[in-house]
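Whatever order the structure lists ligands and atoms in, that order sets their numbers, starting from 1. Predicted model, so just to flag it, every value in this text is computed and none were measured. Computed over heavy atoms, backbone and side chain alike; hydrogens, waters and symmetry mates excluded.
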Amino acid sequence: MEKYNHNEIEKKWQEKWEKEGVNRAENSSKKPKYYCLVEFPYPSGDGLHNGHIRGYTAMDIVARKRRREGYNVLFPIGWDAFGLPTENYAIKTKTTPQIVTKKNTDIFRRQLKSLGLSFDWSREINTTDPEYYKWTQWIFLQFFKHGLAYKKKVPINWCLSCKIGLANEEVVNGACERCGGIIEKREKEQWMLAITKYAERLYDDLDTVDYLEKIKIGQKNWIGKSEGALLKFPISNFQFSIDVFTTRPDTLFGATYMVLAPDHEAVEKLKSKIENWKEVAQYISQAKKKTEIERTTEGKEKTGAELKGIKAINPANKEKIPIFIADYVLKEYGTGAIMAVPAHDTRDYEFAKKFGLSIKEVISGGDIKKEAFVGVGKLVNSSGFNGLISEEAKEKITEFVGGKTTTTYKLRDWVFSRQRYWGEPIPLIFCEKDGWVAVSEKDLPVELPKVEKYEPTDTGESPLSKIESWVNIKCPSCGGNARRETDTMPNWAGSSWYYLAYVMQGISDFQFPISEYKKTFNHWISVDWYNGGMEHTTLHLLYSRFWHKFLFDIGVVSSAEPYKKRTSHGMVLALGGEKMSKSKGNVVNPDDTIKTFGADTLRIYEMFIGPFDQSVVWSRESIIGPHRFLERVWNLKNKVGEGEIDPALEKVLNRAIKNITEDIETMGFNTLVSELMTLSNQMEKTTISRKTYETFLKLLAPIAPHITEEIWHLLGNKNSIHSEAWPACDFSKLEDSTVTIMVQVNGKIRGKFMVAREMDENEIKNMALELPSVKSWLKDMGPKRIIYIKDKLVSIVV
Ligand code: ANZ
């Protein structure tokens, strides 16, 4: 067999495509637009990993197909380069994050180019470029000006080893998401973004987008919408009442005690009458130390303290019930206070058992001696409401006690400050007289100053706070002495709007005012198809949807959602199913694979390795298969004859066109590859016409762009195969009008006959029984059963 020199061929075409700018998107075009987006990588020191390659190759296939279907395609790439690993590495190696970033992006760029991905490199972006974060800062200022960025003292999750405050979402199982280190609660003034103001729209608008169902569910769970009621519980001997939020007002008659979050404001107000204040105060200080996750984990032993000397009044039956503080109730959710219904809520049940509180059944259907019955059902022990079903009772009981139906969300406002160096400076200035003042737009970007030392501080101040010459500044409003904000933005900021940055990047000298460019934004936005890792389908996706909706509200963009469609690929794992990581030494370096087997082979392998949405295990042995396949494709060119088109082959070819066209849309990339393999097997068996071979190459081109381009030119074609129209399926070649029906008697084939496709079942059964060969087997016995499998088989049992 003739070998093909992948190294030479791949390099040659990559250079030519780049020189000719074949993948550039046009800002104005008569063609319809299509915007394909992949998650831009964080340029870590490990280089590109196989998970990136899997997702990027998939979208590359889509982008290539769209171009050939006549679309003006935008398929861009860039670097999400702010973040802790770079900063930590710079500290360790005594360089600067700027230098580390430059080095890493150079490696990533080279690697991505060596894969032949059809990115529009003219639009490359980097979130750490001052010309980029100028706009991140500009968007932040718009939030600030619209009252959606505010400073608040919040208990933050402080990672002792990263020395950084983390958002709740960044705390996983009570530990730091980045380093796995210990988290402590600390009170700190932080910039917050009011994402909760958008909770309802972020939830409801999921109905308008085409995301994988599991992604929609993930988003919904983060937002955590709950429909329920606010009910007032008067406090005896006090002139006020406490609101509780409940999703089950139908269980009100079973509320046998009340629980407040340990940090609920009412505790202070009740203090004078609390008989066991010492015990209560001690419990409060203990609870402070725990993270939210520790507090709320199911099945954990419940703790609490009763507020002795004080009672609440159940508004339904006027019974006096005890009040507790307990850490399973969170201050930030609902009203921070609950009515406890131990018969019908698991956590309340555990708590009541431990503290010997009364458990009163009000919904029938369970066995409350054994466990809480959390289902809905008929009301009992509920006075005039007995016999109603839960749904009805919810409304009636809420009305009866003067409550209010309401919707709550689990989503919290977003802690937006970080006390680290390698992030976007928050463009605000504090003046004693004017308070917080925005940096003027003409002074953006507020550049990160070059510093000697950017180690985090133990006091929790940002390292920027030590650079007096940078910090001290005149107030833009009154001209008096003022100080810059020294906190920086979280690493989520730059990626919250980057799909817009690619559009801006295509406009030379993009400037204020943004409204001038609305036409170009409107041409490209929304993104038509966005693929990325499953791990980014909650936070990043939610944050960027939030920013987009805000930009929509202030008139920058005209669509309510940034991404029309979102899909996800499964991870590529190391042998043994472990995550690939440098520290485990099990990373497969794509450079080696490309050198040995070629980018085309690697691309096919990554697509062939398993169902796209599932995790797969990398294996070097199995990469040989795709490589041999390409060698056979290469050799097929020597078989091309001018002879008649083989009708059988034509049928296989048209079926492949149909299936591959569909496979790309449904991300069935592994079946796409098998389809191509089957087709090439068929071609090896007969003479092939040039047209058949060329069509085959056109189908293979999106996944193996180099080898197909090379053969295409060897066949004498002058244009690029990647600008050839996408093959259309000739359906008349596909379907035979007749089918062959096999006939079995007692499980053995005894005959066959041809009929028209879709013929009536009874007629076919009769024809089978009339067949001479079948008749001889049946002799005089009547058949016991006849089974028909459409267009395939009649099975007779005697
Ligand atoms: C009484 C009740 C009876 C409840 C019952 C449930 C079952 P979701 O669905 O997650 O929104 N709750 C309310 N605020 C809370 C807080 N700050 N911390 C902890 N728990 C809180 O849950 C709503 C339910 O969680 C509410 O409904 C309340 O308990 C509790 F048979 O009220 B329920």
Among protein heavy atoms, which sits nearest to [atom], and what does the distance come to when rounded to 0.1 Å?
{"atom": "atom 21 (C) of ligand 1", "answer": "Ile338 CG2, 3.3 Å"}
{"atom": "atom 3 (C) of ligand 1", "answer": "Thr251 OG1, 3.4 Å"}
{"atom": "atom 11 (O) of ligand 1", "answer": "Ser226 OG, 2.3 Å"}
{"atom": "atom 28 (C) of ligand 1", "answer": "Phe245 O, 3.7 Å"}

With no hydrogens and no angle check, is any side-chain donor or acceptor of Arg54 less than 3.5 Å from a backbone partner on Gly570? yes
Ligand 1 versus Glu332: contacting region, heavy-atom distance under 4.0 Å: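 Within the 4.0 Å criterion, Glu332 makes no contact with ligand 1.
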Between Met339 and ligand 1, which residue portion shows a heavy-atom distance shorter than 4.0 Å: side chain, backbone, both, or neither?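 The answer is both.
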Of the listed options ([options]), which comes nearest to [atom] when hydrogens are ignored and any heavy atom counts?
{"atom": "atom 6 (C) of ligand 1", "options": "Asp250, Asp345, Asp327, Val341", "result": "Asp345"}
{"atom": "atom 2 (C) of ligand 1", "options": "Val244, Leu260, Thr246", "result": "Thr246"}
{"atom": "atom 18 (N) of ligand 1", "options": "Val376, Leu330, Thr407", "result": "Leu330"}

Report the C-alpha distance between Phe140 and Leu428 in whole Å, list the side-chain angles of each, state the deciding distance to 0.1 Å, and finish with yes or no for side chain to side chain contact (heavy atoms under 4.5 Å, CB included). CA-CA 10 Å; Phe140 176 85; Leu428 294 173; 3.7 Å; yes
Six-ring centre of Tyr328, Arg347 cation under 6.0 angstrom, axis tolerance 45°: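 Relative to the ring axis of Tyr328, which defines the angle, Arg347 lies outside at least one limit.
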Lys NZ or Arg CZ of Lys220 over Tyr203 ring: under 6.0 Å, within 45°: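 Lys220 over Tyr203 ring: yes.
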Calculate, to the nearest 0.5 Å, the distance between atoms NZ and CG belonging to Lys197 and Leu411 respectively.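 The distance works out to 12.5 Å.
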Would you name the heavy atoms of Lys308 and Asn276 that are closest together and state the gap between them? N-OD1, 3.2 Å
If I compare all heavy atoms of Gly533 with all of Glu39, which pair ends up nearest, and what's the gap? N-OE1, 2.9 Å
Going by the atom numbers of ligand 1, which of them fall below 4.0 Å from some non-hydrogen atom of Tyr328? 18 (N), 19 (C)
Min N/O separation Thr247 to ligand 1 under 3.5 Å: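 Yes, at least one N or O pair falls under 3.5 Å.
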